[in-house]
Amino acid sequence: QVQLVESGGGLVQAGGSLRLSCVASGRTFSDCPMGWFRQAPGKEREFVAAISWSGLSTSFRDSVKGRFTISRDNAKNTLYLQMSSLKSEDTAVYYCAAKLPSGYLSSSSYYTGLEHYDYWGQGTQVTVSS
């Protein structure tokens, strides 16, 4: 059974930092592009960051550029999101997601749309107090 399990969320003051982790199990994810999304109360789920299967290419939503970093350790089947200089508007449930490879995937391919992803974690709450 394929599972993605996020951890690392919590309550932090504005300006603080958190590191989210997402551990994948059930299959190897070293060939899967992956991403982080978030959903605030009353809002739609939105893209935060994405990374290619190789880790060579990344993408971020504009509002988190320069503050968030996405990385992966394929040997550990783990995806990370390092969040710094957190703002109250970063408050949301954060989800990791994985896209199964279909055919050839460039080592630089990443995906920013929710519709591309096949597996989702249960989410971890991040609350930033101002």
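All residue numbers in this chain count up from 1 along the given sequence. Every heavy atom of this structure was used, including side-chain atoms; hydrogens, water molecules and symmetry mates were not.
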From [atom1] ([X]) to [atom2] ([Y]), nearest 0.5 Å:
| X | Y | atom1 | atom2 | result |
| --- | --- | --- | --- | --- |
| Leu56 | Ser108 | CG | OG | 8.0 Å |
| Phe68 | Ser85 | CZ | OG | 9.0 Å |
| Cys22 | Trp120 | SG | CH2 | 11.0 Å |
| Gln39 | Leu114 | CD | CG | 9.0 Å |
| Met34 | Ser52 | CE | OG | 12.0 Å |

For the hydrophobic clusters of this structure (ILVMFWY residues joined by side-chain heavy atoms under 4.5 Å, transitively), does one cluster hold both [X] and [Y]?
| X | Y | value |
| --- | --- | --- |
| Val128 | Phe60 | yes |
| Tyr111 | Trp53 | yes |
| Leu86 | Phe37 | no |
| Leu79 | Leu100 | yes |
| Met83 | Val93 | no |

Subject >> Ring-face cation of Arg45 near Tyr95 (centre distance under 6.0 Å, axis angle within 45°) >> reply: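 Checked: cation-pi criterion met.
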
**OP:** Would you list the pairs meeting side-chain hydrogen bond (donor to acceptor under 3.5 Å, both in side chains) in which at least one residue belongs to residues 27-38, sequence neighbours left out?
**Re:**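 Qualifying pairs, neighbours excluded: Arg27-Asp31, Thr28-Ser30, Arg38-Glu46, Arg38-Asp90, Arg38-Tyr94.
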
Residue pair [X] / [Y]: nearest heavy atoms and the distance that separates them:
| X | Y | result |
| --- | --- | --- |
| Gly35 | Tyr117 | N-CE2, 3.7 Å |
| Ser57 | Tyr110 | CB-CD2, 3.8 Å |
| Ser17 | Gln82 | CB-NE2, 4.1 Å |
| Arg72 | Asn74 | NE-OD1, 2.7 Å |
| Ile51 | Ser71 | CD1-CA, 3.7 Å |
| Ser129 | Leu11 | CB-CD1, 4.3 Å |

Original post:
Where the side chain of Asp118 meets the backbone of Lys99, is there a donor-acceptor pair that is under 3.5 Å apart?
Top reply: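 Checking the backbone N and O of Lys99 against the side chain of Asp118, no donor-acceptor pair under 3.5 Å is found.
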
**OP:** Test side chain to side chain contact (heavy atoms under 4.5 Å, CB included) on Phe47 and Ser59 and set out the steps.
**Re:** CA-CA 10 Å; Phe47 165 74; Ser59 178; 3.9 Å; yes

**OP:** Examine the side chains of Thr91 and Glu89 and answer whether a donor and an acceptor come within less than 3.5 Å of each other.
**Re:**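 No pair is found: no donor N or O on one side chain lies under 3.5 Å from an acceptor on the other.
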
Original post:
Tell me, do Leu18 and Leu81 make a side-chain contact under 4.5 Å, heavy atoms counted?
Top reply: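 Counting from C-beta outward, Leu18 and Leu81 never come under 4.5 Å.
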
Original post:
Quick one: are Gln122 and Val5 in side-chain contact, heavy atoms under 4.5 Å?
Top reply: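 Yes, close enough: below the 4.5 Å cut-off.
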
**OP:** Take Val2 and Phe29 through the side chain to side chain contact (heavy atoms under 4.5 Å, CB included) test and state the conclusion after the steps.
**Re:** CA-CA 10 Å; Val2 174; Phe29 281 81; 3.4 Å; yes

**OP:** Start with the C-alpha gap between Arg67 and Lys87, add the side-chain angles, then the distance that decides, and say whether side chain to side chain contact (heavy atoms under 4.5 Å, CB included) holds.
**Re:** CA-CA 10 Å; Arg67 300 189 297 122; Lys87 306 176 180 179; 3.8 Å; yes

